Amino acid sequence: MNKELNNVAQMMVKPGKGILAADESNATITKRFNQINLECSKESRRNYREMLFRSSEAMENYISGVILYDETIRQKSETGEYLTDIIQKSNSLVGIKVDTGAKPLALDNSQTITEGLDGLRERLNEYYNLGARFAKWRGVIEISKDNPTSYAIKANAQALARYAALCQEANIVPIIEPEVLMDSQNSNHNIKECERITTWVLNTVFEELFNAKIELEGIVLKPNMIIPGKFCKERSSPNEIAERTLSCLKETVPHGVPGIAFLSGGQNDIEATEHLSIINTSSNNPWNITFSFGRALQHESIMTWGGKVEKITDAQKAFTHRAKMNSFASLGKWNVDLENND
Ligand code: 13P
């Protein structure tokens, strides 16, 4: 076993801590800034992210690592400090998104394949020198009447495995993120369908990781929770979501994997926290289970900030509160009263 990779993976999922996904592409962060009527520029992206990374209470106590976008890993603060240095000073790890996005699958425009393998070996070496100790690659699976097909699942799983092998060769821990979407236009599937497809996807991913000789002790899995599609009328209780999520993971994820860090996927802040906490009330989980949220960690903060300098402190408080609530959830100790009494 590669001890260095295992140590980093263990740090990423250390009990009480989780990962901040701040790796939105420029197109995605533009959508977030549109909500607050803020022009998306290199500078506004830098100001926003610097505000998050300088939230020292959150960063030191609740955030084990931050996933960055290529622009951010090279960026300096207004005062000339690398943003990566700010992150590392709070004892948090630097991560980097290395896929170049989900593109239409050739001859099948209804599904996607994630791209970014060309030149990845060289890019990973460069990212390591820029401070990255873990990376992220997101495969996207959408459920609809005829999809996903086994071909699309396998193609995405193989890409994840090839990416993971290149990461481990470069001494970088790969976050393996096969996301079964809950919030696309077509997401009217029920919870059982999400469970069936996620089980299929995870089984395929671990088969491909095995074929690629991946050391499971040196990865972190980033799955979706088992949850009904956004437009499904049959809603499910938080307990059912937690039970089905755990049961799916126990069926598919080998115990050698050090940790599981969920994406939030379009759940609102409180839902994501509540589900994570219930999952962690089960005492015999074989892995550390935590968060690697984007929207569910940042939403309140971005809305509070609104692009205004005078709102930075309040926005940092909002981010710290959410990070703290998710820290409780990673220990199975969150309850709704904590939301108001923090
Ligand atoms: P969300 O938590 O907003 O789903 O983002 C997590 C992520 O990193 C998606 O790739």
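For ligands, and for the atoms within them, numbers begin at 1 and follow the listed sequence. Just so it is clear, the model here is predicted, and its values are computed rather than measured.
Nearest-heavy-atom check against atom 6 (C) of ligand 1 across Lys97, Lys222, Glu24 picks out Lys222.
Considering backbone and side-chain atoms alike, Gly294 places an N or O below 3.5 Å from some N or O of ligand 1. On a distance-only criterion, Leu263 and ligand 1 share no N/O pair closer than 3.5 Å.
With values rounded to the nearest 0.5 angstrom, Asn326 atom CG is found 14.5 Å from Lys17 atom NZ.
A salt bridge is defined here as a Lys NZ or Arg NE, NH1 or NH2 lying under 4.0 Å from an Asp or Glu carboxylate O, and Arg123 with Glu126 fails to meet this definition. We find that Arg295 and Asp183 are joined by a salt bridge, their nearest charged nitrogen and carboxylate oxygen being less than 4.0 Å apart. Salt-bridge annotation for Lys89 and Asp85: absent, with no side-chain N of the basic residue lying under 4.0 Å from a carboxylate O of the acidic one. In summary, Lys154 and Glu208 engage in a salt bridge, as defined by a charged side-chain N under 4.0 Å from a carboxylate O. One finds a salt bridge joining Glu24 and Arg49 here, because a Lys/Arg side-chain nitrogen approaches an Asp/Glu carboxylate oxygen to under 4.0 Å. Ionic pairing of Arg322 and Glu300 is not present here: no N-O contact between side-chain nitrogen and carboxylate oxygen is shorter than 4.0 angstrom.
Of all protein heavy atoms, the one closest to atom 2 (O) of ligand 1 is Ser264 OG, 2.5 Å. What sits closest to atom 4 (O) of ligand 1 on the protein, heavy atoms only, is Gly265 N, 2.7 Å. Scanning all protein heavy atoms for the shortest distance to atom 9 (C) of ligand 1 gives Glu177 OE2, 3.3 Å. At the shortest separation from atom 10 (O) of ligand 1 among protein heavy atoms lies Lys136 NZ, 2.5 Å.
Residue pairs meeting the salt bridge (charged side-chain N to carboxylate O under 4.0 Å, His left out) criterion with at least one member in residues 28-44: none, sequence neighbours excluded.
Interface atoms of ligand 1 facing Ala21, defined by a heavy-atom separation under 4.0 Å, are 8 (O). Atom numbering of ligand 1 starts at 1 in the shown order; those under 4.0 Å from a heavy atom of Phe293 are 2 (O). Every atom of ligand 1 is numbered from 1 in the order shown, and the set under 4.0 Å from a heavy atom of Arg138 is 9 (C), 10 (O).
Annotation: salt bridge (charged side-chain N to carboxylate O under 4.0 Å, His left out) contacts of Arg162 (sequence neighbours excluded): none.
When non-hydrogen atoms are compared, ligand 1 lies under 4.0 Å from neither the backbone nor the side chain of Glu179. Within the 4.0 Å heavy-atom criterion, both parts of Arg295, backbone and side chain, lie near ligand 1.
Residue contacts with ligand 1 leave out Gln298, since none of its heavy atoms falls under 4.0 Å from the ligand. Residue contacts with ligand 1: Ala296 is excluded, as none of its non-hydrogen atoms falls under 4.0 Å.
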